2 protein chains.
Amino acid sequence: MPASKTRRRGEHLERAILDATWAELSETGYSGLTIEAVAARAATSKTVIYRRWPSRAALVLAAWNHQAPVSVDEPDTGSLRTDLLTLFVTIARRVDTMMSEMIAGVMGEAFRHPEVAELLRDRLRAAPLHDRVQQIVDRAARRGELPPVRVPARALRIPLDLIRTEAMTCGAPLTDATITELVDDVYLPMLHGLASHPDR
Amino acid sequence: MPASKTRRRGEHLERAILDATWAELSETGYSGLTIEAVAARAATSKTVIYRRWPSRAALVLAAWNHQAPVSVDEPDTGSLRTDLLTLFVTIARRVDTMMSEMIAGVMGEAFRHPEVAELLRDRLRAAPLHDRVQQIVDRAARRGELPPVRVPARALRIPLDLIRTEAMTCGAPLTDATITELVDDVYLPMLHGLASHPDR
DNA sequence: TCAATAAGAGACGCAACGTATCTTAGGAGC
DNA sequence: GCTCCTAAGATACGTTGCGTCTCTTATTGA
């Protein structure tokens with residue numbers, strides 16, 4: 001492409017590449033994503049991309065982090081169970097097919113590139129959604145639905161873990177029935193167990 | 001390779017290919033696995049493999065299923081908690097790094113090949129380990145540690161799901177601390193919750 | 001014994017990899 | 001405003017593995 005456009009640099013260029021990566025992901029998925037296609041879409045060249053990110057997985061992770069997380073307000077629905085269902089549905093909507101395939105792909109490469117593994121781990125652990133659970137539990141305690149508990153960090157992560165696992169093994173969005181199952185057969189019992197046998 | 005060896009066929013040949021696949025998986029992992037290398041190791045040619053399996057993922061799944069599952073006896077340790085810890089450790093030992101990377105790889109391809117997705121789903125759901133949980137719970141009920149419960153199918157799958165998720169995001173075998181966390185902060189509370197608030 | 005079938009060898013065009021080289025634009029410092 | 005110097009961008013390269021194809025030859029079972 002001759003000089004009709006001015007040459008981009010730094011921050012600006014980087015954003016363009018990450019946006020192009022995200023667009024490619026949406027269109028062709030992780031397995032179909034090629035550095036060459038990203039370069040073409042961003043109207044730059046492979047070299048520029050390789051200068052910044054050492055692997056496809058690193059690029060994709062950067063693009064993922066670059067995507068502004070849509071903030072969601074979690075309303076008080078008046079009961080612990082419906083609060084949880086709402087939360088699970090919110091998470092499930094976010095972990096769609098493209099997302100799952102991307103995570104599977106990045107996971108696969110994480111075994112070869114330790115630095116990717118670390119980035120991925122951080123990404124999955126830092127999810128702001130985890131805090132929501134404690135808020136929901138606190139509300140339930142205030143209502144008297146549950147004795148007050150401090151939910152362990154591990155238990156806070158479970159909703160996202162379960163939904164991700166399910167989405168990845170099904171290769172399709174979660175059905176309402178599955179979500180109800182996760183809440184009624186797993187998570188709600190777990191919270192009741194935690195609350196009524198504290199510590200142990 | 002000229003005809004020093006007699007030409008293999010059918011069943012016999014198939015086993016040789018699946019064994020070669022498993023060996024390649026162990027050595028180079030899923031991401032490094034190539035059909036050409038498998039063919040070379042099995043002393044056959046690509047054509048023969050492509051005639052039987054449409055994709056790398058399908059071949060790997062077949063090799064996985066072909067691996068004879070090591071049968072493990074699950075002893076009665078005298079308490080629900082230690083029974084569970086023993087079970088979790090058994091599962092975790094089985095889901096080692098190679099296994100996790102393989103599953104991640106197959107999952108990635110499952111999104112493109114629906115028939116692979118189905119095979120994978122079957123493989124993950126049919127795990128004989130699921131039944132163990134109900135046995136352990138029944139024993140605990142007999143001891144009086146827990147009211148008797150019928151654990152829902154979804155809840156039976158949780159141990160394997162959690163361990164797999166953890167192994168895949170860590171890229172390393174689970175530590176004892178993690179296993180203890182999964183039992184104490186998640187699964188044991190869940191069972192107590194299920195047992196003391198049946199149905200709901 | 002002979003035909004049908006499947007194994008095995010190899011060549012193919014293709015796509016993307018990751019690297020290396022070179023030119024040129026644009027920003028910083030003076 | 002001029003000049004460096006850095007980074008952008010283009011392109012070409014060898015490599016690897018893909019998946020398909022064609023052709024020969026061994027084996028089997030009727």
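In what follows, chains are A, B, ... by sequence order, proteins preceding strands, each numbered from 1. Quick caveat: nothing in here was measured; it's all calculated off a predicted structure.
- Counting only heavy atoms from C-beta on, Arg56(A) has its side chain closest to dC17(C) among dG8(C), dC17(C), dC18(D).
- The pair Glu11(B)-Arg52(B) fails the salt-bridge criterion, with no side-chain N (NZ, NE, NH1 or NH2) lying under 4.0 Å from an Asp/Glu carboxylate O.
- Contacts with DNA chain D (heavy atom under 4.0 Å) in residues 34-41 of chain B: Thr34(B), Ile35(B), Glu36(B), listed by number.
- Aromatic ring centroids of Phe88(B) and Tyr187(B) lie under 6.0 Å apart.
- Summarising the geometry, the separation between CZ on Arg7(A) and P on dA25(C) is reported as 6 Å, rounded to the nearest angstrom.
- If you find the closest nucleotide of DNA chain D to Lys46(A) and to Gly32(B), the one lying nearer the 5' end belongs to Lys46(A).
- Leu13(B) has its CG atom 13 Å from the C1' atom of dT27(D), to the nearest Å.
- As rounded to whole Å, 14 Å separates atom C1' of dG17(D) from atom OH of Tyr30(B).
- Residue Thr47(A) places no side-chain atom within donor-acceptor reach of the base of dA8(D), judged by atom type and a 3.5 Å distance cut-off alone.
- Taking the charged nitrogens against the carboxylate oxygens, Asp161(A) and Arg164(B) have no contact shorter than 4.0 Å, which rules out a salt bridge.
- In this entry the distance linking CZ of Arg52(A) with C1' of dG18(C) reads 18 Å, nearest Å.
- For the residue pair Thr175(B) and Thr178(B), a side-chain donor N or O sits within less than 3.5 Å of a side-chain acceptor on the partner.
- Both Ser45(B) and Ser55(A) lie near DNA chain C, and the one whose nearest nucleotide falls closer to the 5' end is Ser45(B).
- Applying the side-chain hydrogen bond (donor to acceptor under 3.5 Å, both in side chains) rule to pairs touching residues 111-120 of chain A yields Arg112(A)-Ser31(B), sequence neighbours excluded.
- Here Thr44(B) reaches the OP1 or OP2 of dG8(C): one of its side-chain N or O atoms lies under 4.0 Å away.
- For the pair Glu11(B) CD and dT28(D) P, the interatomic distance rounds to 14 Å; values are reported in whole Å.
- The neighbour count for Asn65(A) CG, taken as heavy atoms of other residues, nucleotides or ligands under 6.0 Å away, is above 12.
- The existence of a salt bridge linking Glu36(A) and Arg41(A) is excluded, since no basic side-chain nitrogen approaches an acidic carboxylate oxygen closer than 4.0 Å.
- Rounded to an integer number of Å, the gap from His12(A) NE2 to dG9(D) C1' is 15 Å.
- Residue-level contact check: Arg51(B) touches the bases, meaning some heavy atom is under 4.0 Å from a base atom.
- The distance between atom CG of Leu33(A) and atom P of dA15(C), rounded to the nearest whole Å, is 17 Å.
- In terms of phosphate contacts, Arg8(A) brings no side-chain nitrogen or oxygen within less than 4.0 Å of OP1 or OP2 of dG27(C).
- Computed from coordinates, the Tyr50(B) OH to dA11(C) C1' distance equals 15 Å when rounded to whole Å.
- For Thr6(A), the side-chain atoms get nearest to dG26(C) when compared with the rest of dG26(C), dT20(D), dA7(C).
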